[in-house]
Amino acid sequence: TTEIYTLSLHDALPISRRKITVLILLFVLLLITGGFLFFIKDNKSKKPEKKDYGVFLNADASSLEKFKEYDTIVIDAQYFTRKDIGILHENDVTVYTYLNIGSIENFREYYTDYEKLALGDYEHWEEEKWMDVSSPDWQKFIGRLARELYEKGVDGFFIDNCDVYYYAATASIFDGLTVILQDVMSLGKEVIINGGDVYVTEYRERYGTAKDIMTGVNQETVWSGIDFDKGTFYEQNKDDREYFCEYVESCKADGAEVYLLEYTTDSKLIQKIEEYCKKHDFRFYISDSLELEVIRDDRKRKNDKWRVI
């Protein structure tokens, strides 16, 4: 009788070789499992990428959680506490405070004390008036207010309405703005001038640089425009766009950090803004509303579709 034996490949391998094969398979399995677990853990530990820049003038402390999503924000710190700003710092948020040096709004608690220094009405805003920045009383008040905000721990100031020099282009207004800005700069914080192109341009022409009055500039509506009568946005006309592009680029050349604040919902225009800012290393915020966040009851306008700076 002839017996036939069938050997499998497995049986044919020496025992030591089979052990090595099993160990290799186990090692590969461990590598795959470990890599997968690390991937899950790593993704869980990663924080969401922050948005770069946001301007939220009508927000209060109820928006703190939202602000944590940003690298840099502008708020009206008169309505926030030092603790609020500390919470934002703990989450690596740079905080600039709005400071209106060239006009006064009637919702401010100090309005009645300084209304007498007003120069005239602010177009489109019946509750706001241009201020005589040459007044020593106003200069001293702004100095005190800046220091109060400084004590809250803000990282810098977002200065508004230097355009009072466009409204009243006199030597005293020019000098008054300069006194205020240099005083704010003395606090050692960042100072961003919103707009103010007429004043800033003349200052640079006189003194060669604007480094002693600002560290940055924020310009609104370089690429977008606002129709206040219709309450709509549009693409800025070519002449104005080119003028403001030249202005902000000259500020950049002078060492200033540049921020754009645009108002639009047009996806094609948004793409143009993004491409322009990327090319020139500018920071930008595009808002779909002039309200710039939540409107508090004490800041409601009579024509309250808008909150513009």
Side-chain angles (χ1 to χ4, degrees), residues 51 53-60 62-63 66-67 70 73-76 78-79 96 98-108 111 118-131 158-164 166-167 192-198 217-245 247-248 259-274 276-277 282-309:
K51 299 169 187 175
Y53 176 56
V55 182
F56 307 103
L57 301 187
N58 285 310
D60 56 23
S62 65
S63 299
K66 178 180 178 64
F67 293 159
Y70 287 81
I73 61 170
V74 179
I75 58 173
D76 191 338
Q78 290 185 59
Y79 298 93
Y96 290 91
Y98 180 80
L99 181 60
N100 187 356
I101 71 172
S103 72
I104 191 169
E105 310 102 320
N106 63 13
F107 59 78
R108 301 289 184 183
Y111 177 78
L119 293 174
D121 295 332
Y122 199 128
E123 187 181 6
H124 300 301
W125 304 112
E126 61 186 27
E127 77 296 334
E128 194 164 353
K129 296 180 183 297
W130 293 108
M131 290 299 289
F158 184 93
I159 304 294
D160 201 18
N161 285 315
C162 289
D163 296 300
V164 67
Y166 177 78
Y167 174 80
I192 299 171
I193 293 181
N194 181 51
D197 53 290
V198 175
V217 63
N218 183 90
Q219 184 59 54
E220 297 180 81
T221 60
V222 176
W223 290 81
S224 59
I226 305 162
D227 188 325
F228 285 91
D229 294 327
K230 295 180 180 178
T232 57
F233 305 136
Y234 58 87
E235 184 168 354
Q236 185 62 276
N237 66 70
K238 184 174 181 288
D239 288 344
D240 285 349
R241 184 184 71 244
E242 289 181 349
Y243 167 79
F244 282 120
C245 284
Y247 169 63
V248 295
Y259 303 78
L260 300 192
L261 176 53
E262 303 287 354
Y263 304 92
T264 186
T265 57
D266 184 330
S267 59
K268 290 183 179 179
L269 182 56
I270 289 171
Q271 185 177 355
K272 290 179 183 179
I273 295 166
E274 290 175 344
Y276 173 75
C277 289
F282 295 165
R283 304 176 75 176
F284 65 93
Y285 178 58
I286 300 173
S287 177
D288 60 4
S289 170
L290 282 174
E291 292 177 358
L292 297 176
E293 270 304 298
V294 181
I295 295 181
R296 298 186 301 271
D297 290 340
D298 65 331
R299 299 188 69 172
K300 289 200 172 185
R301 312 304 208 192
K302 291 182 180 178
N303 56 340
D304 210 11
K305 288 182 291 186
W306 299 130
R307 166 57 177 148
V308 67
I309 54 179

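All of these numbers come straight from a predicted model, not from anything done at the bench.
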Side chain of Gln236, backbone of Thr221: donor and acceptor closer than 3.5 Å? yes
Ignoring hydrogens, what is the shortest heavy-atom contact between Asn161 and Tyr122? Give both atom names and the distance. OD1-OH, 2.7 Å
Just how far is it from atom CG of Asp227 to atom CZ of Phe233, taken to the nearest 0.5 Å? 10.5 Å
Kindly compute the distance separating CD1 (Ile101) from CE (Met131), expressed to the nearest 0.5 Å. 11.5 Å
Is any side-chain heavy atom of Asp197 closer than 4.5 Å to a side-chain heavy atom of Tyr243? yes
Separation of Ile104 CD1 from Glu127 CD (nearest 0.5 Å): 12.0 Å
Residue list, ring pair (Phe, Tyr, Trp, His ring centres under 6.0 Å) with Tyr276, at least two apart or on another chain: Trp223, His280, Phe282
For the residue pair Ser224 and Leu269, establish whether any side-chain heavy-atom pair is separated by less than 4.5 Å. yes
Exercise: identify the closest heavy-atom pair between Asn100 and Asp160: OD1-O, 3.6 Å
Shortest non-hydrogen contact from Phe284 toward Ile273: CD1-CG2, 4.4 Å
Please identify each residue that fulfils salt bridge (charged side-chain N to carboxylate O under 4.0 Å, His left out) with Lys238, with sequence neighbours left out. Glu242
Taking all non-hydrogen atoms of both residues into account, name the closest pair between Gly196 and Asp163 and its distance. N-OD1, 3.0 Å
Considering only heavy atoms from C-beta outward, does the side chain of Ser103 approach that of Val164 to under 4.5 Å? no
CD (Gln219) and CZ (Phe244) are apart, to the nearest 0.5 Å, by 4.5 Å
Grab the two heavy atoms, one from Cys277 and one from Leu260, that are nearest each other, plus how far apart they are. SG-CD1, 3.6 Å
The single option from Tyr285, Tyr53, Tyr96, Tyr259 that satisfies side chain to side chain donor-acceptor pair (under 3.5 Å) with Asn218 is Tyr53
So, Glu262 side chain and Val222 main chain: donor-acceptor pair closer than 3.5 Å or not? yes
When rounded to the nearest 0.5 angstrom, what distance separates CD1 in Ile193 from CD1 in Ile159? 7.5 Å
Rounded distance [0.5 Å steps], OH in Tyr234 versus CD1 in Ile226: 7.5 Å
Residues that Glu235 engages under side chain to side chain donor-acceptor pair (under 3.5 Å), provided they are two or more places apart: Lys272
Partners of Asp266 by salt bridge (charged side-chain N to carboxylate O under 4.0 Å, His left out), sequence neighbours excluded? none
Run the side chain to side chain donor-acceptor pair (under 3.5 Å) test against Tyr247 and tell me which residues pass, sequence neighbours left out. none
Set of side chain to side chain donor-acceptor pair (under 3.5 Å) partners for Glu123, sequence neighbours left out: none
So Gln78 and Tyr98, do their side chains get closer than 4.5 Å, heavy atoms only? no
